Amino acid sequence: MQKKINYNYAFVFYDVGEKRVQKVFKICKKYLSHFQKSVFRGEMSPSKLMQLKKELNKVIDSTEDFICIIKLLNDNVFGEEILGNGDIENGETLIL
């Protein structure tokens, strides 16, 4: 029997129709930190991941929209390298 893996960190990036962008953005923002344009990341419990996917499936058009969820065991298992302008304001640095 295969052991179920409990992922604890996720990246989400999407390309969805203009009518649904705001809805998808708001759903992702509830669960993750806004990283850059249509990219979110952060800690994610297995139950929250299930909720996130359920909410996203309610608002997207599966024939037109694309959402990718990269699931990781934790935030220490990947290397990150940013090329270009890393100072682009995002949801975490934007002060209103």
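Because the structure is a prediction, the values reported are computed rather than measured.
Using a 4.5 Å heavy-atom cutoff, the side chains of Ser45 and Asn6 are not in contact. The shortest distance between side-chain heavy atoms of Val16 and Phe66 does not fall below 4.5 Å. At a threshold of 4.5 Å between non-hydrogen side-chain atoms, the residues Ile60 and Ile67 count as touching. In this structure, Glu43 and Asn8 have side chains that are not in contact, with every pair of non-hydrogen atoms separated by 4.5 Å or more.
Residues meeting the side chain to side chain contact (heavy atoms under 4.5 Å, CB included) test with Gln51, sequence neighbours left out: Tyr31, Lys48. Listed by chain and residue number, nothing satisfies the ring pair (Phe, Tyr, Trp, His ring centres under 6.0 Å) test with Tyr14 (two or more places apart in sequence, or in another chain).
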message: As a quick check of understanding, evaluate side chain to side chain contact (heavy atoms under 4.5 Å, CB included) for Val12 and Ser38, giving each step before the final call.
response: CA-CA 8 Å; Val12 174; Ser38 58; over 6 Å; no
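No close placement of the Phe13 and Phe40 rings is indicated, their centers lying 6.0 Å or farther apart.
Judged as a salt bridge (Lys or Arg N to Asp or Glu O under 4.0 Å), the pairs with a partner in residues 49-64 (not counting sequence neighbours) are, in order, Arg20-Glu64, Lys30-Glu55.
One distance of note links OH of Tyr7 with CD1 of Ile70; it measures 12.0 Å at 0.5 Å rounding.
Met50 and Ile27 fall into different hydrophobic clusters, where Ile, Leu, Val, Met, Phe, Trp and Tyr are joined by side-chain heavy atoms under 4.5 Å apart, directly or via other members.
Judged by a 6.0 Å distance limit and a 45° cone about the ring axis, Arg41 is not positioned over the six-membered ring of Phe11.
Checking side-chain atoms of Asp15 against main-chain N and O of Asp65 turns up no donor-acceptor pair under 3.5 Å.
Closest non-hydrogen pair, Cys28 versus Leu56, comes out as SG-CD2, 4.3 Å. Pairing each heavy atom of Met44 with each of Leu49, the nearest pair is SD-N, 3.2 Å.
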